[in-house]
Amino acid sequence: MQPRNTAETGFPKELLLIDSTTMTVGKTRLPWAPYHGERAAVKLHVALQAQTMQPLQVTETVGSKHDGPVCESLENTAFIVGNKGE
């Protein structure tokens, strides 16, 4: 299903989706990114334009970094923000 444009939805701005994905590996592969026990991880935080599903901004952190502060840095006042994870 293709997202609707602002005229069809009645929203005053385009919707911006923010989500993160954690990728884990053995801790010897990424010794600088400890995660849980014998695992290491990196996390990609992505801001997507809902209408086109094109990334607007991507931030990489260690997997243990909490989403809250990073998601706040991805917010953009030109968009209405929605979190895909909630």
Side-chain angles (χ1 to χ4, degrees):
M1 183 172 109
Q2 184 69 10
R4 296 183 174 143
N5 64 36
T6 56
E8 292 174 350
T9 63
F11 290 133
K13 301 177 186 177
E14 187 179 344
L15 183 63
L16 182 69
L17 304 174
I18 296 177
D19 197 18
S20 67
T21 299
T22 304
M23 293 155 282
T24 61
V25 296
K27 71 177 182 180
T28 58
R29 305 267 318 218
L30 299 172
W32 50 268
Y35 188 54
H36 293 293
E38 296 296 310
R39 306 299 289 167
V42 293
K43 188 182 285 190
L44 292 179
H45 307 264
V46 182
L48 291 170
Q49 294 176 321
Q51 193 168 359
T52 62
M53 295 308 288
Q54 294 294 312
L56 182 67
Q57 186 176 351
V58 178
T59 301
E60 178 187 350
T61 65
V62 294
S64 58
K65 179 80 172 173
H66 192 274
D67 287 347
V70 180
C71 288
E72 287 177 6
S73 72
L74 294 174
E75 291 179 4
N76 186 318
T77 58
F79 297 87
I80 294 173
V81 176
N83 185 335
K84 288 184 72 171
E86 294 183 12

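Counting from 1, the numbers follow the sequence of the chain as shown.
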Rounded distance [0.5 Å steps], CD in Glu75 versus CD in Gln57: 11.0 Å
Answer yes or no: is there a side-chain heavy-atom contact under 4.5 Å between Asp19 and Val46? no
So, for His66 and Gly68, which heavy atoms are closest and what is the spacing to 0.1 Å? ND1-N, 2.9 Å
Heavy-atom check, side chain of Ile18 versus side chain of His45, under 4.5 Å: no
With rounding to the nearest 0.5 angstrom, report the CG to CD distance, Asn76 to Glu14. 10.0 Å
Working to the nearest 0.5 Å, report the span between OG1 of Thr28 and CZ of Arg39. 9.5 Å
I'd like to know if the side chain of Lys43 reaches the main chain of Lys65, judged simply by a donor and an acceptor atom lying under 3.5 Å from each other, with no hydrogens or angles considered. yes
Count I, L, V, M, F, W, Y as connected when their side-chain heavy atoms are under 4.5 Å apart, and connections chain through other members. Are Trp32 and Val70 then in the same cluster? no
Nearest 0.5 angstrom please: Leu74 CG to Leu17 CG, how far? 12.0 Å
What are the two closest non-hydrogen atoms of Tyr35 and Ser64, and how far apart are they? CD1-N, 3.8 Å
Pairwise distance CG(Leu48) to CG(Leu56) - rounded to 0.5 angstrom: 9.0 Å
Quick one: side chain to side chain contact (heavy atoms under 4.5 Å, CB included) partners of Val25, sequence neighbours excluded? Arg29, Leu30, Ala40
